[in-house]
Enquirer: 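Quick one: the structure is below, and I'll ask about it shortly.
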Amino acid sequence: MIEWLVLGALALAGGASSSGSRSSSSGSRSPAPFDTGEYRRKKEADEAAWRAGWEHEVDRTRWIPQSVAHRIIETYPLPGADRTYFMTSIEKPAKLKELLAEFAAHNLQHLAERKAALKPFFDTVEKNPLTDEQMDACICFDDAVQIVAAAGSGKTSTMVAKAGYALQEGLVAPEQILVLAFNRDAAKELDARIQTRLAQFEGVDRIMARTFSAFGLSLIGEATGRRPSLAPWVGSQTDEVAKIVEIVEDLRRSDPAFRKDWDVFRTVYGRDLDRWSAPRDKANPSIITTNGERVKSDEERIIANWLFHHGVSYEYERRYEHDTVTSRHGQYKPDFYYPDVRLYHEHFALNREGRPPPHFDGDYLGERRWKQGLHQERGTDLFETTSYEIRSPGSFDRLRQELEARGLSLHHDPDRTGKGPPPPTISQLASTLRTFQQHVKGSGLTIAQIRAAIPAGSDDAYTARLTRFVDLYERISAEWEDRLRAIECIDFDDMIVAAAEHLEAGYESPYTLILADEFQDSSRGRVRLLKALLKSRGHDARLCVVGDDWQGINRFAGADLSVMSHFKASFEHSTRVMLSTTFRCPARLSEAASAFVQANPRQIPKTVVTTNDYEGPSLVAYASETSEASTSLLHDHLDALRKQVASGALHGSNGHRPRVMLLGRYNRDRPADIGRWQRSFASAFDLEFRTVHASKGLEADYVMLVNLTEGLMGFPAKQTDDSVLDLAMPEPDPFPMSEERRLFYVALTRAKRQVRMYTTIGEPSRFLMELANGGHLRIRTTGGLLEPCPSCRSGHLKLIDGRNGTFQACSRSPSCRFKRNIAVRSGSPSAGNDRIGAPMKAGCRCPICGTGTLILRDSGPYDPFLGCSEYPRCRARALPLEAARI
Ligand SMILES: Nc1ncnc2c1ncn2[C@@H]1O[C@H](COP(=O)(O)OP(=O)(O)OP(=O)(O)O)[C@@H](O)[C@H]1O
């Protein structure tokens, strides 16, 4: 549905006509206290004269864009003379609304007429006849149209058809059409599709289909007569990151102050902190320091890493030197102890006002007083830090002073290695810096503006890290610019900005229809370029962008998803059109994927419907003991598919060979045997491996998501949500892992039939558990089903043989304390049975009576079941684990 036309529908329902002459009584909001015949005639004459003044500006054989109504209201004095400023300010908005409704009603009829008249064209312009909403998107020629599309809704078809529609109707000449794409492959595909599908139009080869960058470069060349050169290292994310690494290494060599700042940042502040006010993510139970200790909080990890890299000898949670066990207190273990100077150190999660986070329960401040009193009473030394202090710029100043005052000498050693996870590498940080730089340059931000964006006084902000990051960025980006200048080159961000500047300074663009694909991947720099293209043509250019904010996965390359939600604010007189029919995913898959991605309330809501009536299971998951077992299961499944194809039981969709796509979060997820598998299954189906990023825009019958586990290199990946990026964003997205969530959505929506997910029992991905929790799938294991924990929603339930019988507990214990008694008294009274609510292993202790043993009974009229050895005294029954296997 086209947003604006709702107004037209209302106008039509109210009896308004779209003809040029209208009675003022139908829409004018002017008060008429003495509405005599003479007054009415005068009013009608005024209205007719007013309309006659501007009617030549309106082409009623075409779509009338909203800007026409706005221009009329601004240019032509309202009907009737002698208006006061006050009357005009009241009447103008009402008259504008009336005119917009009138034009919307016209457009609604125009839409219906053109659909009917051009049916043969719309049925053949693409491979499949266009749907109603695709035709709407083609015919709607508003000033700026935003097509918000679902995955698999035929975005490319719609773009091609829109260019074809414009040519068919003579709205533009081929050389006035500009099609912009995000990357080279997409630009090539669009160009090829336009050349084949629109071959009947003369001059179709003059349609310009380019990437934003290639277009920017040629525009600068035409505007200045000197085409600029791109630096040899730009264009590939890998090369750009390598350049940052080179700059960092050079600066470390040449500047000792930089070296120190960089090394301290990498080893102590390299990883981000969770928000102070949010409960800790239970899916991440262990926080491990570089030295290898398991600590209770991220802030403790940072303190420990600072101590470790400064060579301070410390003990974490060592037993206090005095016995403190009473009826109320256990043995006290202070957070840190410095044996060389006999100093205890407690770190408290307190904000600037001295309050603990809202989710803390218990008497946290009382505990603190107890600890302070204890040290005073026993005459031991206590040093305290708080969250506020550690997160503030001078985070470790007091601790350093205290330790040095006691005679310790501190030396930072960035190369010290421990048993725990090492700090991020130069190249990992360089990647974050490059992404940050793309956002900063794309938005034209200055260092002062970035510094001003560092939140002051917020409990959650990690200002110590943000400040240091911006200091480093300032040095590195200055060096980047120097190196560009030295070889008289520019980078892509400069190029987009420079192209926009030429247009803004008066260079006239020849394009009157601008189509931009994958708009969700645009930076603010690209939006500026599109605005400048429109402005350079005055009123006769139209923009149409196609995007799916649910598939915004290029933040790492400078994309700023807020361009989608801010479209209305960025482009005057815009309209939104939805493409909500997917031709790809089956209903259940589409529903699960839509619910999953919309868990983030920032995503634009839409209801996706599907034309795919595949009814088999569209989402299945398998958890194995090890990743090797998981790969072997995947191979078995591929072999089973091969057999089904060979026997004729399975075919590809639309008469094609079946296509199977293995997807991984990283390249390293590629199965080692993929080459061999491709050869041995070649007779049955096409098989390939891709990263999820590289699968964008593609589809397959079966999608198999491998290595779907938690962890640093898992899915979701941990390092993509760095909060430093928020400093360069107009509207940071506070929803955790939002970019990874969208990436997962992209993976799910590649499948035309089924998505199979492969994980391990120990570390299933939280995304997978969320789907299981939402009832969208069941996770199969070799031992039965993996039931998600209803409390933390990221762990799964395990059977535990306890002193008082068997119970279920969360795999994330002790971080998640969920426990459940599995005995359920639900047997019918006549049978008198006690059903056990989870499949059990034969031979384990009966959870109902606690004394008997569960024995497999497989004789008689019933399916095999486990019964208690104490029968008939105990009538417990359970499903055996083996029978639960699917
Ligand atoms: N009107 C239509 N009727 C039937 N099938 C269509 C129609 N339009 C497009 N399709 C088919 O839908 C599938 C998805 O199209 P396409 O790849 O263009 O979608 P997309 O919106 O670009 O997808 P994604 O956003 O996931 O990259 C293709 O197989 C295409 O041929």
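It should be emphasised that the depicted structure is a prediction, and the values quoted were computed from it without experimental measurement. We count ligands from 1, going down the list as the structure has it; atoms in each ligand are counted the same way.
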Enquirer: Distance alone, cut at 3.5 Å: any donor-acceptor contact between the side chains of S653 and K752?
Expert: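 The answer is yes; a qualifying pair exists.
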Enquirer: If you measure from the Lys or Arg side-chain nitrogens to the Asp or Glu carboxylate oxygens, is any gap between R210 and D191 under 4.0 Å?
Expert: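 Answer for the salt bridge query: no.
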Enquirer: In order of chain and number, which residues sit within 4.0 Å of ligand 1 by heavy atom?
Expert: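 The 4.0 Å shell around ligand 1 contains K127, N128, P129, L130, T131, Q134, A150, A151, G152, S153, G154, K155, T156, S157, Q551, F583, R584, G697, E699, R750.
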Enquirer: What is the ring orientation for F685 with F681, classed by angle as parallel under 30°, tilted 30 to 60°, or perpendicular over 60°?
Expert: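 Ring orientation, 0 to 90° scale: parallel.
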Enquirer: If you look only at pairs with a residue in residues 573-613, which of them pass as a ring-ring contact (aromatic ring centres under 6.0 Å, His included), with sequence neighbours excluded?
Expert: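 Pairs touching residues 573-613 that pass the test: H70-H573, F596-F744, F596-F767.
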Enquirer: For T575 and Q66, does a side-chain donor sit closer than 3.5 Å to a side-chain acceptor?
Expert: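 Checked: T575/Q66 side chains pair up, N/O donor to acceptor below 3.5 Å.
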Enquirer: Parallel, tilted or perpendicular: which one describes the rings of F141 and Y165, with boundaries at 30° and 60°?
Expert: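 Aromatic pair F141/Y165 classed tilted.
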